[in-house]
Amino acid sequence: MISLTDQGFDPGPLLSGFCRGRAETGAVASFTGLARAEGGETKILELEAYPGFTEAQIGAFAETARTRFDLQDLMIVHRIGQIAPGEPIVFVATAASHRRAAFEACDYLMDYLKSRAPFWKKEHGPDGARWVEPRAEDHEDIARWA
Amino acid sequence: MISLTDQGFDPGPLLSGFCRGRAETGAVASFTGLARAEGGETKILELEAYPGFTEAQIGAFAETARTRFDLQDLMIVHRIGQIAPGEPIVFVATAASHRRAAFEACDYLMDYLKSRAPFWKKEHGPDGARWVEPRAEDHEDIARWA
Amino acid sequence: MARILLFGRLSDIAGWREKTLEPAPARLSDLRALLAADDAALGEALAAPGVQVALDQVLVRDDAALSPRSEVAFLPPMSGG
Amino acid sequence: MARILLFGRLSDIAGWREKTLEPAPARLSDLRALLAADDAALGEALAAPGVQVALDQVLVRDDAALSPRSEVAFLPPMSGG
């Protein structure tokens with residue numbers, strides 16, 4: 001399940017639902033990305049998506065993860081719009097027979113979502129707003145999987 | 001927070017509570033281990049702990065993870081007693097500024113919990129019960145961090 | 001009636017996020033020329049390296065024919081979430 | 001009164017999980033001898049490689065003096081959870 005939401009969400013009920021009824025799963029890894037205040041430097045984060053296109057691109061990438069790590073299931077929920085510090089931005093969960101695959105797939109999906117997924121990010125801080133391009137670190141993260 | 005419980009638990013509310021009020025965290029990784037039915041081979045898993053000793057040993061290891069990965073926080077909840085297929089056995093959550101540290105610390109804690117933590121595991125299957133010793137794979141997992 | 005969408009910093013530069021053109025230009029290159037004639041700064045920004053184009057939600061690398069109901073989106077470098 | 005605890009397969013072998021001894025043996029080696037005299041199979045299992053001993057919840061490698069209220073736990077190889 002891949003979805004975008006402009007409403008705040010709580011990762012807990014998503015994890016509960018994802019873990020339910022899995023007598024043959026064994027391993028569920030999850031990642032929750034939270035907006036950081038950066039000591040007051042960032043007041044509001046704004047994420048823009050291209051509805052339809054963004055989900056489709058993420059979905060196509062998720063299929064590569066499902067195959068590569070032999071996942072039983074995965075879930076991606078991504079916040080868009082204006083996000084305050086401490087609020088969840090993204091939740092990813094992966095289900096596999098064994099924990100190595102679940103961890104690696106979750107890590108892989110996050111590297112993609114943080115570096116190449118079709119979002120445009122604006123930070124509103126004390127000195128105004130600025131568009132953010134991916135950091136060199138994000139490109140290095142995704143390059144690990146080549 | 002490190003705790004053992006002989007009652008079934010839901011990982012969702014644990015994750016919700018762990019993520020709350022974290023304006024400077026950024027990254028929360030979690031892992032939920034579920035009991036596997038193994039296609040009917042395992043009916044019930046039974047985990048024995050040494051109350052007090054088990055928490056203390058896990059706590060000492062958790063401190064090494066906290067330092068090694070510069071964690072802001074961590075949570076470990078481990079089920080003991082009889083566990084049916086599909087039920088959560090273990091929940092680990094880690095909080096850090098950046099996702100690499102959160103993922104690695106969660107992975108590291110799980111490798112320890114699955115191979116060296118003071119639990120004794122009995123599998124009750126169709127052919128009776130047997131005590132389980134750690135698998136070679138678990139020893140290899142923990143050896144990665146040396 | 002073609003639908004034109006701008007994302008990220010492109011909509012800040014243009015001052016709009018979405019517009020419709022009637023009639024639709026015949027080709028993507030005609031659309032680029034039309035937008036650049038209206039707003040030189042936008043024309044330059046759309047031609048900058050790293051700006052991708054999605055035609056009916058599919059990325060296209062080169063020039064392409066537009067249909068009367070095409071949706072054309074200009075996508076600056078994606079930042080991830 | 002010393003408290004003796006057996007874990008994992010050790011309690012299956014012994015048929016008990018916990019017992020108290022009054023008076024407490026003076027040393028861990030005395031306790032081992034006492035348990036082995038009572039139950040040779042258990043004595044052998046306790047001496048097997050990989051079986052660790054915790055005295056008052058702290059692992060001890062060698063022989064050690066017991067106090068009258070010591071808690072001694074015999075721990076077979078830990079399997080993880």
Side-chain angles (χ1 to χ4, degrees), chain A residues 9-43 72 84-100 102-104 106-111 113-114 135 137-138 140-141 144, chain B residues 9-43 72 84-100 102-104 106-111 113-114 135 137-138 140-141 144:
Chain A
F9 70 87
D10 180 350
L14 299 176
L15 181 61
S16 293
F18 190 77
C19 287
R20 208 166 287 141
R22 295 201 177 277
E24 292 296 355
T25 288
V28 171
S30 89
F31 183 83
T32 307
L34 303 169
R36 268 203 310 256
E38 309 277 12
E41 285 300 297
T42 302
K43 287 206 159 35
Q72 296 175 349
E87 291 185 347
I89 303 171
V90 59
F91 175 78
V92 173
T94 52
S97 297
H98 294 287
R99 68 183 184 284
R100 186 74 41 239
F103 270 127
E104 290 189 353
C106 196
D107 193 7
Y108 180 68
L109 287 166
M110 277 308 306
D111 280 352
L113 288 167
K114 294 296 285 184
R135 300 170 306 158
E137 193 181 321
D138 292 320
E140 285 160 23
D141 284 342
R144 293 184 305 149
Chain B
F9 69 89
D10 180 350
L14 298 176
L15 180 62
S16 293
F18 191 76
C19 287
R20 208 165 287 141
R22 296 202 175 277
E24 293 296 354
T25 287
V28 171
S30 89
F31 182 84
T32 306
L34 303 168
R36 270 202 309 256
E38 308 277 10
E41 286 302 298
T42 303
K43 287 206 162 34
Q72 295 175 350
E87 291 186 346
I89 303 171
V90 58
F91 174 79
V92 173
T94 52
S97 298
H98 294 287
R99 69 182 183 284
R100 185 75 41 241
F103 270 126
E104 291 190 351
C106 197
D107 193 6
Y108 179 68
L109 287 165
M110 278 309 306
D111 279 353
L113 288 167
K114 293 296 284 184
R135 299 171 306 157
E137 194 181 321
D138 292 319
E140 284 161 23
D141 285 342
R144 294 184 303 148

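All of these numbers come straight from a predicted model, not from anything done at the bench. Sequence lines set the chain letters: A, B, ... in the order given, protein chains first and strands last, and positions in each chain run from 1.
Most heavy-atom pairs under 4.5 Å with chain A: of the set B:Arg100, B:Met110, B:Glu87, this distinction falls to B:Arg100. Annotation: maximal heavy-atom pairing with chain A below 4.5 Å, among B:Val92, B:Leu34, B:Thr25, B:Thr94, occurs at B:Leu34. Between chain B and the options A:Gly21, A:Pro85, A:Ala23, A:Gly86, heavy-atom pairs under 4.5 Å are most frequent for A:Ala23. When each of A:Ile89, A:Leu14, A:Asp141 is scored by its heavy-atom pairs under 4.5 Å with chain B, the top score falls to A:Asp141. Contact tally against chain B (heavy-atom pairs below 4.5 Å) for A:Ala84, A:Gly17, A:Ala95, A:Cys106: the top residue is A:Cys106. Between chain B and the residues A:Ala93, A:Gly39, A:Ala102, A:Pro13, the largest count of heavy-atom pairs under 4.5 Å involves A:Gly39.
When heavy atoms are compared at a cutoff of 4.5 Å, B:Phe91 approaches chain A solely by way of its side chain, counted from C-beta outward. Interface remark: A:Ser97 contributes backbone and side-chain atoms alike to the contact with chain B (heavy atom separation under 4.5 Å). B:Ala29 touches chain A through backbone and side chain together, each having a heavy atom under 4.5 Å away. In this structure, the portion of A:Ala35 lying under 4.5 Å from any heavy atom of chain B is its backbone and not its side chain.
Taken to the nearest 0.5 Å, the CG atom of A:Asp10 stands 8.0 Å off from the SG atom of B:Cys19. Residue A:His98 holds its NE2 atom at 4.5 Å from CZ of B:Arg36, rounded to the nearest 0.5 Å.
The two atoms that bring A:Leu15 and B:Pro11 nearest to each other are CD2-CB, 3.8 Å, heavy atoms only. The shortest heavy-atom contact between A:Gly12 and B:Ser16 is CA-OG, 3.1 Å. A pairwise comparison of heavy atoms in B:Glu24 and A:Ala37 identifies OE2-CB, 3.3 Å as the closest pair.
We find that A:Asp107 and B:Arg99 are not joined by a salt bridge, their nearest charged nitrogen and carboxylate oxygen being 4.0 Å or further apart.
Tested against B:Phe103 for a ring pair (Phe, Tyr, Trp, His ring centres under 6.0 Å), the candidates A:Tyr108, A:Phe103, A:Phe31 yield a single pass: A:Phe31.
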